[in-house]
Each structure stands twice: as C-alpha cells, then as structure tokens.
Asks: 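One structure follows; several queries about it will come next.
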Amino acid sequence: MNLALKNRFLCFFICLTILSLFLCSVSLEAEEALVKQTKGDGNWVERWKPIEMFRWWDPAHYFEPDNKVQGVFEAEKCVTCHTVVTPGITNEWKKSTHSFAGVTCDKCHGSDHQKIEMPAPDDCAECHPEQVKDFKSEKETDNSSHARAFHANGVDEGLQGNKQQPETAGFALRNAIENKCDSCHFRHRFDAAEARQPEACSYCHNGPGHRETEYYNTSAHGAITKIDGDNWDWDKPLKVGNYRAPTCAYCHMYKGTHNTVENAVYANKGVQEEVDSKAKEFVEKRKAWLNICNDCHSTRFASAYLRDADETVKVSFAKVKEAKTIIEELQKSGRLDPMPKHLPSSPDERNRGDLGGRLNNVSVIEREFIDMNNYHTETIFPSVFHMSVNLQTNEFGTYKQDQSLARIKAEASKLGLLKVLEEKVGAKYEEYDFWKVVEFPNFLKVVK
Ligand code: HEC
Ligand code: HEC
Ligand code: HEC
Ligand code: HEC
Ligand code: HEC
Ligand code: HEC
Ligand code: HEC
C-alpha cells in the first residue's frame, strides 16, 4: 500500500468515527428553539415563530452551526471528510465550474467548523457583484418579486397574517428565493445552463395563482422547447441567435439580467389595479419587450400581439368593475348578508381593500367576487401574455370569470327579490349570530 493510499484510508476511518459520534448525539438532543426573529409587520407578529428550516431558508438571519465538529480545516480536508459525510454534495461540487475555478467549500462556508456559515446572496456578491446587484434592484419596484418574496409574502403578511406556521412550510420554501442564490442554479453544481431551462422556474411557477408553466407549456414557445430542446446547447447565453424559441429565462432574464421584473407592466398588478400600458412610465418597458421578441419575430407582429393582449386585459377589468358596482350597490342599500360593518375584524383585513382579499366569514356574493377577482381574472393577463392557446378561454380565465359574473348577478337578483318580499309581508330579518364570531385558522376566536 503506498503512502497516499494509506493516508486516504486513515482519513476515511477518522471521518467514519466522527460521523458516528455525531449521529448519536444529534438524534438524542432536542432541537434548540430558534430565537432570532425577522420582525415583520403582520397582525400576529408577536405570536409568530420561525420554523427550524428557516436556518437554511433565511440563513443570514437564522443559520447557526451545530458545533458538533471541531477544527479549522484546509480546503482538501473539507472535501476528503465530506466525500464520506455528504457524498452527493461533494460529487456535485466536483463537477461544478466552481471546483475547476478553485472555489472550494471553505470559500463559501468558512474554514472554522464551529463557525460554519450558510451563504446568502451577500456572500456570493464577493465574486459575483453584478448578479447580486441586479437581483436586489428588484426591490426598487413595487412588484412582488424574487428579492421581496420572503418578506412581502412570508414574513410581513402571509405567514403572520393568515395561517398557522406549520401550514406554510412549502410556501416559505417558495418565497425563500429572496434569501439564497441556489433556487435556479441548484447546489452544488451552480450551473447557469440548468437555470436557463424552464424546469428551473417551473417547480415554483405552477398551480393556482401562478400558472406560468401551464401557460408556457400550452404555447408554441413551450412546445418547441419540449420538442427540440434536447438538441440545444444550453451553455450558450440567452442572446439573439442562440435559441430557437424563448424559455422563461430568455424573456425574463434577457442577456443575463438578474432583475426579472424590470420590464413588467402588469406583473403583480394584474389583479390589483387597471394598468394603462400606453402610459408614459410603460413606454420604455414595452419597447424592451419588443426588443426581445424582435430577436425572432417582426416588430409589427410582436407589437400587434401585445396590443391585442392589452385589449384582452381591458375587457377582463370591465367585467370586474361591473361586478364591483353590483356589490357596492348592495352594500349601500344594506342588502348584504352579513353586512361588512357587523363582522368581527379579521387578520386578513389588511389584504381586503374595499372588496376582495378576505376569504373567511363574508357573504357568498363577496366571496364570489374574491374568486372572480383574485383567481379567475388573475389568470387572464398572464395566459395571454404567455401566448397560451387554451387556458385563456377554456377552463380558467374568461370562462370562469364569466361564470362568476353570472353567479354574482343571480345572487344580487335573489337579494333584491327577498327585499321586496320582506317589505311586502312586513318581516324583519336579523343577521345570524354565527356571522359575529369568526374562527381564524389558528383557532383564536374573536367575538364582536
Ligand atoms: C472530519 C470531518 C469533517 C471535516 C474535515 C469537515 N466537515 Fe463539515 N461536517 C462534518 C459533519 C460530520 C457534518 C454534519 C453532517 C450531517 O449533518 O449529516 C458537517 C456539516 C457541514 C455543513 C452543514 C452544516 C449544516 O448545518 O447544514 C457544512 C456547510 C460543512 N460541514 C462544511 C465544511 C467545510 C467548509 C469544511 C472545511 C473547512 C468541512 N465541513 C470540514 C464533518 C466534517
Ligand atoms: C459557491 C458556494 C458554495 C460552495 C463552493 C460550496 N457550498 Fe455548500 N452550500 C452553498 C449554498 C448556497 C448552500 C445552501 C444555503 C441555504 O440553503 O441557505 C449550501 C449548503 C450546504 C450544505 C447544507 C445543505 C444540505 O443540502 O445539506 C452542506 C452540507 C454543504 N453546503 C456542504 C458543502 C461542501 C462539503 C462543499 C465542498 C465540497 C460545499 N458545500 C461547497 C454554497 C456553497
Ligand atoms: C471566491 C469566489 C466565488 C464565490 C464566493 C462564488 N463564486 Fe460562483 N463562480 C466563481 C468563479 C471563479 C466562477 C467561474 C467563472 C465565472 O463564470 O465567473 C463562478 C461561476 C459561477 C456560476 C456559473 C457556473 C456555470 O458553470 O455556468 C454560477 C451560477 C455561480 N458561480 C454562482 C455562485 C453562487 C450562487 C455563489 C454563492 C452561493 C457563488 N457563485 C459564490 C467564483 C465564486
Ligand atoms: C424557489 C421558487 C422560485 C423559482 C425557482 C423561481 N421563482 Fe419566480 N417567483 C417566485 C416567488 C415566490 C415570486 C414572488 C411573486 C409570487 O408570489 O408569485 C416570484 C416572482 C417572479 C416574477 C415577478 C412576478 C410578479 O408578479 O411581479 C417573475 C417575472 C418570475 N418570478 C420569473 C421567474 C423565472 C423566469 C424563473 C426561472 C428562471 C423563476 N421565476 C424561478 C418563486 C420562484
Ligand atoms: C430566477 C432564477 C435565478 C436566480 C434566483 C439566480 N440566478 Fe443566476 N442565472 C440564472 C440564469 C437563467 C442565468 C443564465 C443567464 C444568461 O444566459 O445570460 C444565470 C447566470 C448566473 C451566473 C453566470 C453568469 C455568466 O455570465 O456566466 C452567475 C455567476 C450567477 N447567475 C449568479 C447568481 C447569484 C449570485 C444569484 C443570487 C443573487 C443568482 N445567480 C440567482 C438564473 C438565476
Ligand atoms: C415570450 C416571452 C416569455 C416567456 C417565454 C415567458 N414569459 Fe413570463 N411574461 C412575459 C410577459 C410579456 C409578461 C407580462 C409582463 C408585463 O407585466 O408586462 C410575463 C409575465 C410573467 C409573470 C408575472 C405574472 C403575474 O401574475 O404577475 C411571471 C411570474 C412569469 N411571466 C413567469 C414566467 C415563467 C415561469 C415562464 C416559463 C414557464 C415564463 N414566464 C415564460 C413573457 C414571457
Ligand atoms: C428566441 C425566439 C423567439 C422569441 C424571443 C419570441 N418568440 Fe414567439 N415564437 C417563436 C417561434 C419559433 C414560434 C413558432 C412559430 C410557429 O408557430 O411556427 C413562435 C410563436 C409565437 C406565437 C404564436 C404563433 C403565431 O404564429 O402566432 C406568438 C403569438 C408569439 N410567438 C409571440 C411572441 C412575442 C409577443 C414575443 C416577445 C414577448 C415572442 N414571441 C418572443 C420564437 C420566438
């Protein structure tokens, strides 16, 4: 046995011993409570506690090393021991550009094992300042975005406002994209080629509220990528001439920008307010979109498509307005059951606006409006802007929106008829008491 081989064996043996010691202790010891807390401004901020996984999902605030392994190690030692301790991670790292460029474990995690760090964007910024700057610049717009996701959706509102903590784990993982750079280039390969493919976005951007994958898959762009994508060289940057059809990143991270919302006209506002895409503030953004389309299409073709799409969105808002007017009339004439002024306050009140947002303990017609506004109308703008051929009109989108509007009208007629009957027979209707008690998802009762 030569010396190098002997050394390796010795190392392997040491690692195994440490590993078994470690595994014994970890299984017995109860997890320490996480004490640090990102202060949000949700309604239940005082009751809110981070879950254990926040150590990795918001490492800058919550990560603490567990102190099981002692020592300050050189790069090679990390690799040797971790080839045994975490073989999957070490294998991936060995195949990565980082490994070839000499970016060893300690460059990202530190060398002192008792002070091991979990890298957040600021740690990557040492070597990739441009991407981190772009990424953070998303905070300069009002849009919900990657750089604001955890706070906007998680800490400040969602987690504290609406749900019990254990119900929100998947949601928190989705929103953790704010706090780490490994959401699209999976660790420890950190590969740009992977991030360029739609699947790197799709595992988050699917399902109710964010069906972009479904829209894309039912577009010509998605179809071509599926049919022909295996033949493409994904190592090439997202620029003219390199791809036959656009992927998510081609359109949203054009030429490598890490700000995915810089061109957004509707994004996130789609359900909140009507947007005039011709307004001054949007002219440059629309030009930027056309510039991307123009890699493959004529400007005339692309701008006609986007203008038509604007009209589709306009119609969808006209219907929302119609529904809103009907309900506001009912509120004014005191015909809603229950009337909003008789309801106890609710943690989701903040999201409520004048109508919409509040999901629990509302009249059936208001609830229908919320579904119409927040879910059905919300699918119309992104389906048409992703060139989906079916989802805009069938199953979701306008189909469901029309259904909601019809139900709202029917319910309004019924309430009108009841009013006439009440007056005719001289009956006096009192609201049921059950409306005045609301059970929140954390089983906290509030009585009015
Ligand atoms: C002698 C063996 C050994 C050496 C050398 C070693 N580690 Fe570890 N390391 C471990 C063990 C054991 C764990 C716990 C693994 C587990 O939880 O399954 C660990 C855990 C980690 C974790 C995960 C922490 C967490 O809580 O998620 C990181 C990151 C890490 N090591 C990085 C390093 C780096 C960087 C070096 C070199 C500076 C290094 N390790 C050297 C044994 C070692
Ligand atoms: C380019 C920076 C970088 C390098 C180099 C790197 N890591 Fe990591 N590592 C990360 C990031 C980012 C995370 C995830 C942080 C998070 O989830 O908040 C991570 C997480 C981990 C984890 C915990 C998560 C898990 O899945 O168990 C371990 C263990 C780990 N790294 C070990 C290593 C080892 C061993 C090496 C060297 C072979 C290494 N890392 C090299 C960036 C790096
Ligand atoms: C010590 C410097 C250093 C740190 C820290 C570092 N990187 Fe890198 N990274 C490099 C070098 C060098 C390259 C290869 C040359 C290049 O593309 O710039 C690279 C390449 C990359 C690539 C492109 C790889 C490819 O094959 O397409 C990605 C993605 C990446 N890094 C992400 C990260 C992330 C995320 C972090 C933080 C978790 C990070 N890096 C931390 C130095 C670093
Ligand atoms: C780990 C989950 C995750 C991954 C992966 C991910 N995103 Fe996101 N994305 C989010 C979250 C969370 C938001 C915040 C808005 C929301 O709640 O939908 C968001 C927002 C966006 C927005 C802005 C939407 C708006 O309403 O303003 C765009 C555009 C976007 N992502 C594109 C992409 C693209 C392109 C990719 C892949 C290259 C990608 N995302 C990968 C989770 C993810
Ligand atoms: C929403 C998905 C997504 C997130 C989140 C993301 N990246 Fe990227 N990253 C990409 C895509 C797509 C590319 C390829 C861009 C191109 O082709 O020009 C890329 C490319 C890179 C490259 C290689 C650049 C080059 O020219 O080779 C680096 C370095 C990088 N990203 C670092 C980061 C860092 C640091 C973060 C955290 C702030 C991060 N990325 C977060 C999708 C993402
Ligand atoms: C052909 C270009 C193109 C492709 C490909 C594309 N998008 Fe989009 N995307 C758009 C346009 C245009 C908008 C509307 C932007 C605006 O607000 O003006 C949009 C909007 C969005 C939004 C905001 C939706 C909302 O409800 O707020 C998200 C998120 C998004 N895209 C993610 C994705 C994902 C994920 C993929 C891949 C599955 C993808 N996009 C593929 C062009 C594209
Ligand atoms: C990287 C090239 C590329 C980019 C960028 C691109 N497309 Fe396409 N697009 C295609 C290809 C290829 C087809 C398939 C043509 C066919 O149907 O035969 C297509 C199909 C379409 C279709 C449906 C087919 C048709 O003939 O009507 C529409 C609409 C469309 N694109 C609009 C856009 C818009 C708008 C943008 C910019 C937001 C855009 N595309 C960006 C390549 C691209």
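Order of appearance sets the numbers: ligands from 1, and atoms from 1 within every ligand.
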Asks: Quick one: does Arg196 get an N or O within less than 3.5 Å of an N or O on ligand 5?
Replies: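 Between Arg196 and ligand 5, an N or O pair is found under 3.5 Å apart.
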Asks: Can you check atom 15 (C) of ligand 7: any protein non-hydrogen atom closer than 4.0 Å?
Replies: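 When distances to the protein are checked, atom 15 (C) of ligand 7 has no heavy atom within 4.0 Å.
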Asks: Verify the contact flag for atom 25 (C) of ligand 5, where contact means a protein heavy atom under 4.0 Å away.
Replies: no
Asks: May I ask which of His205, Glu212, Met253 has a heavy atom nearer to atom 33 (C) of ligand 4 than the others do?
Replies: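 Shortest heavy-atom distance from atom 33 (C) of ligand 4: His205.
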Asks: Less than 4.0 angstrom from a charged side-chain N to a carboxylate O is my criterion; do Glu322 and Lys409 meet it?
Replies: yes
Asks: Under a heavy-atom criterion of less than 4.0 Å, does Ala264 contact ligand 4?
Replies: no
Asks: Looking only at distances, please establish whether an N/O atom of ligand 5 is found under 3.5 Å from an N/O atom of Leu238.
Replies: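 Leu238 vs ligand 5: N/O contact under 3.5 Å present.
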Asks: Could you pull out the atom name of the N/O/S atom in His185 that is nearest atom 8 (Fe) of ligand 5?
Replies: NE2
Asks: Counting heavy atoms only, which of Tyr305, Tyr250, Tyr243, Tyr254 comes nearest to atom 29 (C) of ligand 7?
Replies: Tyr305
Asks: Nearest heavy atom to atom 38 (C) of ligand 5: which of Pro119, Ala125, Cys181 does it belong to?
Replies: Cys181
Asks: Using protein heavy atoms only, decide if any is under 4.0 Å from atom 31 (N) of ligand 7.
Replies: yes
Asks: Strictly under 2.8 Å, is atom 8 (Fe) of ligand 4 approached by any N, O or S atom of His146?
Replies: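 It does; at least one qualifying atom falls short of 2.8 Å.
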Asks: Please indicate whether any nitrogen or oxygen in His258 is less than 3.5 Å from any nitrogen or oxygen in ligand 5.
Replies: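 N/O-N/O distance below 3.5 Å exists for this pair.
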Asks: Examine His297 and say whether one of its N/O/S atoms is closer to atom 8 (Fe) of ligand 7 than 2.8 Å.
Replies: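 Given the 2.8 Å cut-off, His297 counts as a ligand of atom 8 (Fe) of ligand 7.
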Asks: Would Tyr203 count as a contact residue for ligand 4, given that I'm defining contact as a non-hydrogen atom of the residue lying under 4.0 Å from a ligand atom?
Replies: yes
Asks: Ignoring hydrogens, tell whether any protein atom lies closer than 4.0 Å to atom 18 (O) of ligand 5; use the non-hydrogen atoms only.
Replies: yes
Asks: Tell me which protein heavy atom sits closest to atom 3 (C) of ligand 7, plus the residue, atom name and distance to 0.1 Å.
Replies: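 In this structure, atom 3 (C) of ligand 7 has Cys296 SG, 2.7 Å as its nearest protein heavy atom.
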Asks: Starting at NE2 of His109, measure out to CZ of Phe63 and round the result to the nearest 0.5 Å.
Replies: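 Reported to 0.5 Å precision, the distance equals 8.5 Å.
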Asks: Return yes if a side-chain donor-acceptor contact under 3.5 Å exists between Tyr250 and Asp295, otherwise no.
Replies: yes
Asks: Looking at atom 12 (C) of ligand 7, is any protein heavy atom nearer than 4.0 Å to it?
Replies: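 It does; a protein heavy atom is within 4.0 Å.
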Asks: Mind checking whether Ile224 contacts ligand 7 via backbone (N, CA, C, O), side chain (CB onward), both or neither, at a 4.0 Å heavy-atom cut-off?
Replies: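 It is the side chain that touches ligand 7; the backbone stays farther off.
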Asks: Ignoring hydrogens, just give me the one of His221, Arg286, His386, Met387 whose non-hydrogen atom is nearest atom 35 (C) of ligand 7.
Replies: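 Minimum heavy-atom distance to atom 35 (C) of ligand 7 goes to Met387.
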Asks: Strictly less than 4.0 Å: does any protein heavy-atom distance to atom 21 (C) of ligand 7 fall in that range?
Replies: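 Protein heavy atoms within 4.0 Å of atom 21 (C) of ligand 7 - there is at least one.
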Asks: Side chain, backbone, both or neither: which part of Thr260 has a heavy atom under 4.0 Å from ligand 4?
Replies: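 Both backbone and side chain of Thr260 come within 4.0 Å of ligand 4.
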Asks: Could you give the distance from CD1 (Ile51) to OH (Tyr62), rounded to the nearest 0.5 Å?
Replies: 10.5 Å
Asks: Measure the distances from the heavy atoms of Ala245 to every atom of ligand 7 and state whether one is below 4.0 angstrom.
Replies: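 Yes; Ala245 lies near enough to ligand 7 that a heavy-atom distance drops under 4.0 Å.
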Asks: Which residue holds the protein heavy atom closest to atom 1 (C) of ligand 5, what is that atom called, and what is the gap in Å?
Replies: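 Closest protein heavy atom to atom 1 (C) of ligand 5: Cys184 SG, 2.7 Å.
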